[in-house]
2 protein chains.
Amino acid sequence: MTSGKTFDYSNLFAKGLPSAIASGDMPQPKYNFILGHTNAETIPVEGLIEATAAAMRKDGPGLSINLHNGGLLGYLPLREFLVHKLSNYRGVDVTADEILITSGSQTAAMLINTALLEPGDTVVAENWSYVGMLGDLRMRGVNVVGVPVDEDGMRLDALADTLSELEDEGVRPKYIYTIPTVQNPTGAIMPIERRQEMLQLSEEYGVPILEDDCYADLVYEGESVNAIRSMDDSDRVIHMGSFSKNLAPGMRLGYVVASWQILGQLLPLKGDIGTSNFGQMVTAEFFNNHYEEHVEILRTALRRKRDTMTAAISEHFGPMVKPNHPRGGIYLWVTFPEDVDTRKALAAAREMGIGYNPGSDWAVYPADDERNGNNCIRFCYALPTEEEIWEGIELLARVFQRELGFPKER
Amino acid sequence: MTSGKTFDYSNLFAKGLPSAIASGDMPQPKYNFILGHTNAETIPVEGLIEATAAAMRKDGPGLSINLHNGGLLGYLPLREFLVHKLSNYRGVDVTADEILITSGSQTAAMLINTALLEPGDTVVAENWSYVGMLGDLRMRGVNVVGVPVDEDGMRLDALADTLSELEDEGVRPKYIYTIPTVQNPTGAIMPIERRQEMLQLSEEYGVPILEDDCYADLVYEGESVNAIRSMDDSDRVIHMGSFSKNLAPGMRLGYVVASWQILGQLLPLKGDIGTSNFGQMVTAEFFNNHYEEHVEILRTALRRKRDTMTAAISEHFGPMVKPNHPRGGIYLWVTFPEDVDTRKALAAAREMGIGYNPGSDWAVYPADDERNGNNCIRFCYALPTEEEIWEGIELLARVFQRELGFPKER
């Protein structure tokens, strides 16, 4: 036996690691408006059971084989479904060999970042953007330059100015990160003209585009717009997508569409001996049979929840609080009066069982910048029931009254 | 529109990346003795279908929630199954909070390596060891010091000498990597006395142990031995395991058992918003009901296949070729006469539809070292049917005759 003295690893860790965390617990609030959850009520429980039965009877023994039926790029029937989906619904014509399946699109983004980025590099992004991407970029010591957004997404005049200024400073950004279809968090859907203009700027400045298309299946009002990648005649767009939003985050499946110059460099970094074939088999089987039907059910449910949450906010916070009116997705982006710092009610709300994401977490700007969204909130409306939305927002208005003196009692 | 000229990313890649690869295809040979496949015939197709139905009806809507029921460490019912399994079958008493679920144990190893290793660091390992680990260590610029193995695994006298010599050189290895239970590739099961001795050396030299226990459920002959972690009273053993060998590599589930000082540092590196809850839900449901029964069926099948392959090698290669006699696992480690370089028949064998792994790929020693196993082969016997084993080995003997002049025609 050894002495029983606890081994101390502190001198063994590599230098420059991110901070250790204190706990792996992620307790979910009762009124759950955080993160990118999707609609629990439309998880296709019976559909997944049937798809599993069909997939297992068809190819279950293939689970015994590492990288079965598709090799490092991922399970071929799932990539073939994506070829069909991308062509029919996103205007993107690619072969299965231009698609890499990953364990969620967050993993896809991290692989791309590992391949392209070094400390001190620059990336251009919408000035509010996906917190997971911004966090990863900051951890890598990358300089993120924000471009203002309006109701049509990234402003292309501002992008042109930004690229021109960076060029004057001798800086060539590694890529332009954009969520053009249902932007996170602002909900904007970029019109086709801006997409074309972005491609032209990409060529003019020699900067590729990283297109995050993960909400594209969730446009429930008006027309959607084809992916930027669909207009790309020169492989300058690296396109990412996800099954987290159109099926379930618990499936952990995403993908990258790119030229082999990119995919061939991502594969040796992936290092996981493939993404779960079990999840890929079941997802391929389910979506090859029920894609249109499932996303339609989901869109209808999300539209109702957007309307419910919009109504609840209007009812309980009054006319000084301005929700956006997204045409798709799972988030409401809500602007409070300028002197309302939404971060200051976070802990009190959590104590009452309400979770929300303060807008400033999505800001490219630093905390002391007046444009950093301290008076904004991103609410995810997909998970809670309509009843929970009403109750949660009513309760939150009371927490805000008590903590922030807003809204005034009526 | 842009000019259509293909975008060139070559100037945008980060420095020091591993080489890009030419293709993602991994065609499987007809006679498939490579990699760590498991037994296709014992994949529990109906069991997984039933488990999916039960798991989905119980908790399917939870797939809508990121990090549902267990947070960053993984799905709680799967960690609770592991608490039970580790206690009852590996002698390891831990709580669910000391277990992190990963997307396969390869991913677990890479997380641990990222947390602990920098270029120039030293790791001590069995002098033949897992190619995936050796490859990752080399890619990181880590110096791997091999310790000789015998039929009882790593030789502890040699480990003591190695640690002493390294100390004299002022080198403190970051860890001792060992596969004590069914060593890969040699099949050795380390007796309990050596495990205790290794713990004592770990304390004496201040070097932790990374215990890779992924084959531990596959001991089909004689007694197994409890994990080194079971005798560890001081958190000096980081213990890894996998569901790839006892269930299916296509499930991509593995785990790390360690103190919070380690897990808390691995979590921010994981960066994948959790491992697939779908796979975890189904695996937890299946193994909570069928673990003992399933591994018993698997062990029986593997034992038969070991015997079949041993007999086929004896029949077709004759008495100058020495297979080991593993008491478990999925590999036969076969030593040919010293002048038979098994690498030289690899391409010709592949052309005939036979895949095998030359022993030198598992060697810690460089290619020009006489101890590097050029005259060895690691055959995985788990996937092929018994008929394929007989046919494949017969065919391989003919390829060897033609290419290497061995075995002599009789």
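FYI, side chains are in, hydrogens and waters are out, and symmetry mates aren't considered; it's all heavy atoms of this structure. The model shown is predicted, which means the values in this text are computed figures rather than measured ones. Convention: sequence-line order gives letters A, B, ...; per-chain numbering from 1.
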For chain A, which of [options] has the most heavy-atom pairs under 4.5 Å?
options: B:E197, B:E50, B:R172, B:E41; answer: B:R172
options: B:P44, B:A115, B:S202, B:G74; answer: B:A115
options: B:P208, B:G274, B:G279; answer: B:P208
options: B:L269, B:I262, B:D25; answer: B:I262
options: B:D136, B:N277, B:L116; answer: B:L116
options: B:A20, B:A382, B:A55, B:A108; answer: B:A20

Which bit of [X] is near chain A, if near means a heavy-atom gap under 4.5 Å: side chain, backbone, both or neither?
X: B:K245; value: neither
X: B:T275; value: backbone
X: B:E46; value: side chain
X: B:A109; value: neither
X: B:T102; value: neither
X: B:M110; value: side chain
X: B:N39; value: backbone
X: B:D8; value: both
X: B:L383; value: side chain

Looking at [options], which one has more heavy-atom pairs under 4.5 Å with chain B than the rest?
options: A:T107, A:L73, A:I65, A:D235; value: A:I65
options: A:G60, A:A40, A:A14; value: A:A14
options: A:S105, A:G71, A:S103, A:G135; value: A:G71
options: A:P27, A:S10, A:G16, A:G254; value: A:S10
options: A:Y75, A:F7, A:Y175; value: A:F7
options: A:G62, A:G132, A:A248, A:S23; value: A:S23

For the residue pair [X] and [Y], establish whether any side-chain heavy-atom pair is separated by less than 4.5 Å.
X: A:D233; Y: B:T2; result: yes
X: B:P61; Y: A:V45; result: yes
X: A:S259; Y: B:T6; result: no
X: B:I273; Y: A:P249; result: no
X: B:F278; Y: A:L247; result: no

Task: Heavy-atom donor-acceptor pair, B:Q265 side chain to A:L17 backbone, under 3.5 Å - done: no
- [ ] Without swapping roles, check the side chain of A:E118 against the backbone of B:K15 for a donor-acceptor pair under 3.5 Å.
- [x] yes
Atom pair [atom1]/[atom2] of [X] and [Y] - distance to nearest 0.5 Å:
X: A:I21; Y: B:L267; atom1: CD1; atom2: CG; answer: 4.5 Å
X: A:R236; Y: B:S3; atom1: CZ; atom2: OG; answer: 6.5 Å
X: B:L67; Y: A:M26; atom1: CG; atom2: CE; answer: 5.0 Å
X: A:Q261; Y: B:F13; atom1: CD; atom2: CZ; answer: 5.0 Å

Open item on the list: salt bridge (Lys or Arg N to Asp or Glu O under 4.0 Å) for B:K5 and A:E203? Distances and angles first, verdict last.
Closed with: CA-CA 9 Å; B:K5 188 163 169 282; A:E203 177 156 48; over 6 Å; no
Task: Side chain, backbone, both or neither of A:I43 within contact of chain B (heavy atoms, under 4.5 Å) - done: side chain
Open item on the list: With a 4.5 angstrom heavy-atom cut-off, is it the side chain or the backbone of A:A22 that approaches chain B, or both, or neither?
Closed with: backbone
Open item on the list: If you compare all heavy atoms of B:L48 against all heavy atoms of A:M56, which two are closest, and at what distance to 0.1 Å?
Closed with: CD1-SD, 4.1 Å
- [ ] Identify the heavy atoms of B:P268 and A:S19 that sit nearest to each other, and give their distance.
- [x] CG-O, 3.3 Å
- [ ] Using distance alone, with no hydrogens and no angle criterion, decide if B:N66 and A:Q28 have a side-chain donor and acceptor under 3.5 Å apart.
- [x] no
TODO: Give the C-alpha distance, both sets of side-chain angles, the deciding distance and a yes or no for side-chain contact (heavy atoms from CB on, under 4.5 Å) between B:L63 and A:T38.
DONE: CA-CA 9 Å; B:L63 291 173; A:T38 186; over 6 Å; no
Open item on the list: Show, in sequence, the C-alpha distance, side-chain angles and deciding distance for B:D272 and A:Q106, and conclude whether the side-chain contact (heavy atoms from CB on, under 4.5 Å) test is met.
Closed with: CA-CA 6 Å; B:D272 57 5; A:Q106 172 80 8; 5.9 Å; no
